[in-house]
Amino acid sequence: MYSFSPKLKSTSIILLVVGLVLFGIGFFLNKGISTEEIEHMMEAVHASGHNAPTHSSEMVGPQDHAAHLEHATLQVHNQPLAALHFVAVFFFGVSCCVLFFYSIQHAAHAGWPIIITRVMEAIASYIPYGGAILIILMLLNITHQGHLFHWMDPELTDPNSAHFDVILFEKRIFLNIPFYAVRTFIYVLGASFFAWKLKAQSKKVDETKSKVDYQMLYRWAVGYIAFFGFASAAWAWDWLMSIDPHWYSTMYIWYSMVSCLSSGIAVIILLSVYLKKNGFLPQFNDNHLHDLGVFLFATSMLWTYTWFAQFMLYWYANIPEEVNYFFGRFQHYSPTFLPMLIINFLLPLLVLVSSSIKRNYKVVTTMAVVVICGHILDYFNMVMPGTVGPYWKTPEVFILILGAILFVVGLFMFTVLSALSKLKLIPTGNPYLHESEIYEYPF
């Protein structure tokens, strides 16, 4: 039985509190930015020659100085919600992807990962808490307390308005506030239900050791795979891609999901190795680490494929409405956009390509941390350009992002480790437990 150490509990609470304090400081600094300061920031961006819009909707409506200043003001004051939004979506996605990985193993009747079943269940325990943050953000946006989603402005779908946007008018059947709110509740409540049900069924299998109960666990796992397949695609559209509602990509749903899946496997590695090194999970061995390393390597390469395929197709087509998504990132986010390929692709490729090195605990855990940091940066690049635009190189933004990350990481640590301390680490009722205990990688 795992015991949540007082030191780790204190660390998670400190991270949570420090994150809240930093976010609060950043929030008040942001609210103190005057219109004159925003005008100077806007003129500085234009004077530097970086005048490509980061958001395709910027090209619709009045293009005078007053309109540009209004848009810049919204972008600057989007900083707090945008910083919290990308971190919240990322960690919610990570937890859901871990539950997806868990369900795939049960659906495939895989024997090797049974030892880490409880690790994956504990990580999935974050889903309702991360979902609650996203529901709060959704409520702030639909009540127009935040402006992360350009399409929520009613003037854009009013044919009599000077800001009328015919593209958003045609998309209003899907992109409308009531339907968006309903979909958000479906994603969060659905994922939370499956997290609870799969954990409860897994516990029941331990108690009864019944093959009938195990078959029900299999069926619920298949049900979650089906739910996740539709929900992860739809929340990528809603929470990420609709930030720039003129632009769309058929690769985007896989791209955003694989980013979280790779990070989810990295979190499984870190937690499993932590338990192993502290004597709570001695059954976890080099072979289990090797297989997790294989998945970490494979998902990193899959992420690279989806990134390149998405980028290459738009570059090759060279349609202004579509290329703008990337062009604005090249101009305004050059320090973060392409360099993330080094972290998310080049380092995993060079380090994890060797089979033997996947058994090295220090190397694999270090790469797990690198991958998580790299994909947090990836989500930063997904959200910030379309919400904050070029106004991100300011002290307030860095304080807000640091505060949001520390707060969510602290909450994540606290909920996951608290859940783990309430679980029996070894799923004794699982019929594949023995296979997992004696598992050896065959090559």
Side-chain angles (χ1 to χ4, degrees), residues 23-24 26-35 37-39 41-42 45 53-89 133-158 161-165 167-169 171-172 174-181 183-184 235 237-247 324-325 328-329 332-333 379-392 394 396-397 400-401 403-404:
F23 191 83
F27 178 82
F28 286 110
L29 286 174
N30 175 266
K31 292 303 173 188
I33 299 174
S34 66
T35 304
E37 289 176 285
I38 295 172
E39 192 164 12
M41 292 164 66
M42 183 181 74
V45 168
T54 54
H55 196 297
S56 58
S57 300
E58 291 180 48
M59 299 181 285
V60 177
Q63 297 296 314
D64 56 11
H65 179 78
H68 287 308
L69 180 59
E70 180 188 6
H71 193 80
T73 302
L74 289 175
Q75 287 181 317
V76 169
H77 291 308
N78 270 340
Q79 291 171 358
L81 276 188
L84 184 57
H85 181 78
F86 89 82
V87 180
V89 174
I133 297 174
L134 290 169
I135 287 175
I136 292 169
L137 290 173
M138 177 269 292
L139 293 172
L140 290 173
N141 280 295
I142 67 174
T143 55
H144 305 293
Q145 303 302 310
H147 302 278
L148 298 186
F149 301 97
H150 181 71
W151 57 265
M152 289 187 180
D153 185 347
E155 287 192 25
L156 300 176
T157 52
D158 180 3
S161 170
H163 296 90
F164 177 66
D165 189 327
I167 293 177
L168 297 186
F169 182 77
K171 292 184 177 183
R172 74 191 186 285
F174 185 81
L175 291 180
N176 63 78
I177 287 175
F179 195 20
Y180 172 82
R183 291 195 303 270
T184 298
W235 77 53
W237 295 331
D238 283 334
W239 297 338
L240 299 170
M241 197 161 68
S242 79
I243 286 172
D244 193 345
H246 281 203
W247 182 82
N324 172 262
Y325 179 88
R329 282 162 171 77
H332 303 300
Y333 285 77
Y379 266 64
F380 169 88
N381 286 320
M382 288 187 209
V383 172
M384 299 299 277
T387 55
V388 172
Y391 311 108
W392 65 279
T394 63
E396 305 88 51
V397 172
L400 286 164
I401 290 173

For the backbone of [Y] and the side chain of [X], can you confirm whether one donor and one acceptor N or O come within less than 3.5 Å of each other?
{"X": "S161", "Y": "D158", "answer": "no"}
{"X": "N141", "Y": "L137", "answer": "yes"}
{"X": "S242", "Y": "P245", "answer": "no"}
{"X": "R183", "Y": "W235", "answer": "no"}
{"X": "D165", "Y": "L156", "answer": "no"}

Would you say the side chain of [Y] lies within less than 4.5 Å of the side chain of [X], judging by non-hydrogen atoms?
{"X": "V89", "Y": "V383", "answer": "no"}
{"X": "I38", "Y": "H77", "answer": "yes"}
{"X": "T394", "Y": "M41", "answer": "yes"}
{"X": "D244", "Y": "Y325", "answer": "yes"}
{"X": "Q79", "Y": "E396", "answer": "yes"}
{"X": "V76", "Y": "V388", "answer": "no"}
{"X": "F164", "Y": "T157", "answer": "no"}
{"X": "H332", "Y": "Y391", "answer": "no"}

If you compare all heavy atoms of [X] against all heavy atoms of [Y], which two are closest, and at what distance to 0.1 Å?
{"X": "M42", "Y": "A72", "result": "SD-CB, 4.0 Å"}
{"X": "L134", "Y": "A88", "result": "CD2-CB, 3.9 Å"}
{"X": "L148", "Y": "A82", "result": "CD2-N, 3.7 Å"}
{"X": "A83", "Y": "M384", "result": "N-SD, 4.2 Å"}
{"X": "H163", "Y": "E155", "result": "ND1-OE1, 3.1 Å"}
{"X": "A181", "Y": "M138", "result": "CB-SD, 3.8 Å"}

R172 to F169, cation-pi by 6.0 Å centre distance and 45° axis angle: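 Yes, R172 sits over the ring of F169.
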Salt bridge (Lys or Arg N to Asp or Glu O under 4.0 Å) against D153, all qualifying residues, sequence neighbours excluded: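 With sequence neighbours excluded, D153 shows a salt bridge (Lys or Arg N to Asp or Glu O under 4.0 Å) to no residue whatsoever.
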Spatial distance of atom CG (N176) from atom CG (L168) [nearest 0.5 Å]: 12.0 Å
Interatomic distance, T184 atom OG1 to I142 atom CD1 [nearest 0.5 angstrom]: 8.5 Å
Pair H144-F149, ring-ring contact (aromatic ring centres under 6.0 Å, His included): steps then yes or no: CA-CA 10 Å; H144 305 293; F149 301 97; over 10 Å; no
Given W151, W239, F174, the one that forms ring-ring contact (aromatic ring centres under 6.0 Å, His included) with Y180: W151
For F380, all residues meeting ring pair (Phe, Tyr, Trp, His ring centres under 6.0 Å), sequence neighbours excluded: F86, Y333, W392
